Amino acid sequence: MTILVTGGAGFIGSHLTERLLQLGHTVICLDNLDDYYDPGLKQQHIQAFTGSPAYHFIKGDIRRQELVADILSGHQCDTVIHLAARAGVRPSVFAPALYVDVNVNGTLSVLEAMRQTGVRRLILASSSSVYGNTPGIPFREDQTGEQPVSPYASSKYAAELLAHAYHSLYHFDISCLRLFTVYGPRQRPEMAISQFVHGLLTQTPIRVFGDGSVVRNYTYIDDTVTGFLQALTHLQGFQRLNIGGAEAISLQQLISLLEQLTGQTTRIQHFPLQPGDVLYTAADLTLAQRRIGYHPAIPLREGLQRFISWHKKKR
Ligand SMILES: NC(=O)c1ccc[n+]([C@@H]2O[C@H](COP(=O)([O-])OP(=O)(O)OC[C@H]3O[C@@H](n4cnc5c(N)ncnc54)[C@H](O)[C@@H]3O)[C@@H](O)[C@H]2O)c1
């Protein structure tokens, strides 16, 4: 297959690209290397692929519909995996217009370019954050009443809703994958696990928002990528699927586990819970298991060990 991966230079996109190339697909990466975190890191992420005949990198913005359409027709793409987004919950509270522009208008631009060029297969990276503080735990895709509590979460939900309209109007096959906090090598540097491991290994203070009781379902990157590949194989109709990890634990438990695995402790600074943060995420994976055979394989302890080893090597 020839697949356009938007946001392919990012954390998840670069891992996905690696696996797609290994499987013999051609990957066209469209990424504007935005400044949400150091663009130099993104250049490093894609260094290994540059030069491969099955890989093409285009530096550009998904909001330029004509550019997206030219890429789709010029490279004869049959599928789009849409990851490009402004990520991160907390910054979205202070820059809602930017998040809506990139995540909603950007998604619309991709959908329109697909319609224009006759490409009908899409996998959309959505987020567990769309559930917000909804009372039903674990979160199930068919429970109604998603309650996003940040502009980021709302923008991801809006992207899903737009995608549904294109499925309904133009019969696109679309899977919206609701990802639950993804971690592993190349994780975005502002994310909690990155920050905690960095703090422990460099003996600098760790900042914790809230009292440590906030619960997250953490997914190792290899499992997330497997979810995308399984969704690619079973891309039919419209579906929303939770792609979560093996375990959900509290922030406090996570820190204890990281202390154990690194053999280090450090000072913990507590700050109030940030606006837009949800209190828990927990994934019901029954539907993803039934529809695409998804089942996370990497236990949290093992995933964290792998991440710590990678982190030590890169320093
Ligand atoms: N990492 C997670 O835990 C997580 C959880 C839920 C959902 N997601 C979603 O998965 C996707 C990838 O997340 P990530 O963690 O790899 O983030 P990331 O920031 O590493 O990757 C996003 C990529 O998109 C690119 N990008 C941003 N705006 C763009 C634009 N206008 N045009 C072209 N490229 C643009 C960025 O340069 C970046 O390389 C995002 O859609 C995010 O919302 C991630």
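These numbers come from a predicted model, not from an experiment. Just so you know, these numbers use all the heavy atoms, side chains as well, and skip hydrogens, waters and symmetry mates.
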Query - Derivation of the side chain to side chain contact (heavy atoms under 4.5 Å, CB included) call for Val68 and His82 - result: CA-CA 12 Å; Val68 182; His82 179 39; over 6 Å; no
Query raised in the report: Counting only N and O atoms by type, is there a donor-acceptor contact under 3.5 Å from the side chain of Ser168 to the main-chain atoms of Ala165?
Result: no
Report task. Take Gln274 and Val93 through the side chain to side chain contact (heavy atoms under 4.5 Å, CB included) test and state the conclusion after the steps. Result -> CA-CA 10 Å; Gln274 298 290 290; Val93 175; over 6 Å; no
Requested in this report: For the pair Arg291 and Glu141, evaluate salt bridge (charged side-chain N to carboxylate O under 4.0 Å, His left out) and give the outcome as yes or no after the intermediate values.
Outcome: CA-CA 12 Å; Arg291 292 270 176 87; Glu141 299 87 339; over 6 Å; no
Residues 301-312, side-chain donor-acceptor partners within the protein, below 3.5 Å, at least two apart:
{"unit_1": "Arg301", "atom_1": "NH1", "unit_2": "Gln260", "atom_2": "OE1", "d": "3.2"}
{"unit_1": "Arg301", "atom_1": "NH2", "unit_2": "Gln260", "atom_2": "OE1", "d": "3.0"}
{"unit_1": "Glu302", "atom_1": "OE2", "unit_2": "Arg306", "atom_2": "NE", "d": "3.4"}
{"unit_1": "Glu302", "atom_1": "OE2", "unit_2": "Arg306", "atom_2": "NH2", "d": "2.6"}
{"unit_1": "Arg306", "atom_1": "NH1", "unit_2": "Asp222", "atom_2": "OD2", "d": "3.4"}
{"unit_1": "Ser309", "atom_1": "OG", "unit_2": "Gln305", "atom_2": "O", "d": "3.0"}

Query - Student check: side-chain heavy atoms of Asp101 and Arg86 closer than 4.5 Å - result: no
Query raised in the report: Looking only at side chains, do Arg240 and Ser126 share a donor and an acceptor under 3.5 Å apart?
Result: no
Report task. Please state whether the rings of His167 and Phe238 are parallel, tilted or perpendicular, taking 30° and 60° as the class boundaries. Result -> tilted
Report task. Might you point out which heavy atoms bring Lys156 and Ser127 nearest each other, and give the distance in Å? Result -> CG-CB, 4.1 Å
**Report entry** Nearest-0.5 Å distance, CD of residue Gln289 to CD of residue Gln230
**Finding:** 9.0 Å
**Report entry** pair Arg216-Val278: side-chain heavy atoms closer than 4.5 Å
**Finding:** yes
Requested in this report: Please name the pair of heavy atoms, one in Ile62 and one in Ser109, separated by the smallest distance, quoted to 0.1 Å.
Outcome: O-OG, 2.5 Å
**Report entry** Result of checking His25, Arg121, Met114 against Thr79 for side-chain contact (heavy atoms from CB on, under 4.5 Å)
**Finding:** Arg121
Query raised in the report: Between the side chain of Gln147 and the main-chain N/O of Gly132, is any donor-acceptor distance below 3.5 Å?
Result: no
Query - side chain to side chain contact (heavy atoms under 4.5 Å, CB included) evaluation trace for Leu67 with Asp61 - result: CA-CA 8 Å; Leu67 170 68; Asp61 199 303; 5.8 Å; no
Report task. Spell out, yes or no, whether Leu16 and Tyr220 are grouped together once hydrophobic residues are joined by side-chain heavy atoms under 4.5 Å, including indirect joins. Result -> yes
Query raised in the report: Heavy atoms, side chains only, cut-off 4.5 Å: are Ser150 and Tyr99 in contact?
Result: no
Report summary line: Taken in chain and number order and not counting sequence neighbours, the residues that satisfy side-chain contact (heavy atoms from CB on, under 4.5 Å) with Ala248 are Val215, Asn217
Query raised in the report: If you take all heavy atoms of Asn133 and Asp277, which pair is closest and at what distance?
Result: ND2-O, 4.5 Å
**Report entry** Value rounded to 0.5 Å, distance of OG in Ser128 from CG in Leu179
**Finding:** 8.0 Å
Report task. Might you point out which heavy atoms bring Phe94 and Arg90 nearest each other, and give the distance in Å? Result -> CD1-O, 3.5 Å
**Report entry** Same cluster (ILVMFWY, side-chain, under 4.5 Å), Leu287 and Tyr157
**Finding:** no
Report task. Decide if atom CD of Gln269 counts as having more than 12 heavy atoms of other residues, nucleotides or ligands within a radius under 6.0 Å. Result -> yes
**Report entry** Exercise: do Ser194 and Gln187 side chains pair donor with acceptor under 3.5 Å
**Finding:** yes
Query raised in the report: Once you round to the nearest 0.5 Å, how far does CG of Leu4 lie from CG of Asp78?
Result: 10.5 Å
Requested in this report: Run the numbers on Phe180 and Tyr218 for ring pair (Phe, Tyr, Trp, His ring centres under 6.0 Å), then give the verdict.
Outcome: CA-CA 6 Å; Phe180 286 68; Tyr218 295 100; over 10 Å; no
Query raised in the report: More than 12 non-hydrogen atoms from neighbouring residues, nucleotides or ligands closer than 6.0 Å to CZ on Arg120, yes or no?
Result: yes
Query raised in the report: Does some side-chain heavy atom of Leu241 sit less than 4.5 Å from a side-chain heavy atom of Tyr294?
Result: no
Query raised in the report: Does Val104 reach the side chain of Leu162, with side-chain heavy atoms less than 4.5 Å apart?
Result: yes
**Report entry** Separation between OG of Ser175 and CG of Leu232, rounded to the nearest 0.5 Å
**Finding:** 9.5 Å
Report task. Assign the ring pair Tyr166 / Tyr170 to parallel, tilted or perpendicular, where the plane angle (0 to 90°) is split at 30° and 60°. Result -> tilted
Query - Backbone N/O of Ile298 and side chain of Asp223: donor-acceptor pair under 3.5 Å - result: yes
Query - Gap between atom OG1 of Thr2 and atom CG of Leu20 - 0.5 Å precision - result: 11.0 Å
Query - Main-chain N/O of Val27 paired to His56 side chain as donor or acceptor, under 3.5 Å - result: no
Query raised in the report: To the nearest 0.5 Å, what is the distance between CZ (Arg64) and CG (Asp70)?
Result: 9.0 Å
Query raised in the report: Would a 4.5 Å heavy-atom cut-off, applied to side chains only, mark Glu247 and Pro296 as touching?
Result: no
Query raised in the report: So, Thr6 side chain and Leu83 main chain: donor-acceptor pair closer than 3.5 Å or not?
Result: yes
Report task. Return yes if some donor-acceptor pair links the side-chain N/O of Ser52 with the main-chain N/O of Ala54 below 3.5 Å, else return no. Result -> yes
Query raised in the report: Is there a donor-acceptor contact under 3.5 Å from the side chain of Asn242 to the main chain of Asp284?
Result: yes
Requested in this report: Validate the cation-pi geometry between Arg178 and Phe139: distance from NZ or CZ to the six-membered ring centre under 6.0 Å, angle to the ring axis within 45°.
Outcome: no
Query raised in the report: Is there a path from Phe196 to Leu257 through hydrophobic residues (I, L, V, M, F, W, Y) whose side chains come within less than 4.5 Å of each other?
Result: yes
Query raised in the report: Under a 4.5 Å cut-off applied to non-hydrogen side-chain atoms, are Gln65 and Gln116 in contact?
Result: yes
Report task. Examine distances only and state if a side-chain atom of Thr219 and a backbone atom of Gly245 form a donor-acceptor pair shorter than 3.5 Å. Result -> yes
Requested in this report: Using the side chain to side chain contact (heavy atoms under 4.5 Å, CB included) rule, take Tyr183 and Leu300 through it: C-alpha gap first, then chi angles, then the decisive distance, then the call.
Outcome: CA-CA 10 Å; Tyr183 73 99; Leu300 185 61; 3.6 Å; yes
Query raised in the report: Hey, any chance Ile221 and Leu229 share a hydrophobic cluster, counting ILVMFWY side chains that come within less than 4.5 Å of each other, even indirectly?
Result: yes
Requested in this report: Assess the side chains of Thr266 and Gln203: does a donor N or O sit below 3.5 Å from an acceptor N or O?
Outcome: no
Query - Validation row: Phe49, Cys29 side chains within 4.5 angstrom (heavy atoms) - result: no
Query raised in the report: Honestly curious: do Ile292 and Met1 fall in one hydrophobic cluster under the side-chain, below-4.5 Å linking rule?
Result: yes
Report task. Check whether any side-chain N or O of Asn32 sits under 3.5 Å from a backbone N or O of Gly60 as a donor-acceptor pair, and report yes or no. Result -> no
Query raised in the report: Does Lys42 count as lying over the ring of Tyr37, i.e. NZ or CZ under 6.0 Å from the six-ring centre, within 45 degrees of the axis?
Result: yes
Query - Cationic tip of Arg19 above Phe228 ring, under 6.0 Å, 45° of axis - result: no
Report task. Quick one: closest heavy-atom pair of Gln253 and Ile249, and the distance? Result -> OE1-CB, 3.5 Å
Query raised in the report: Counting distance only, does the side-chain N/O of Thr117 pair as donor-acceptor with the main-chain N or O of Ala69 below 3.5 Å?
Result: no
Report task. Classify the angle between the aromatic ring planes of Phe271 and Phe209 as parallel (below 30°), tilted (30 to 60°) or perpendicular (above 60°). Result -> tilted
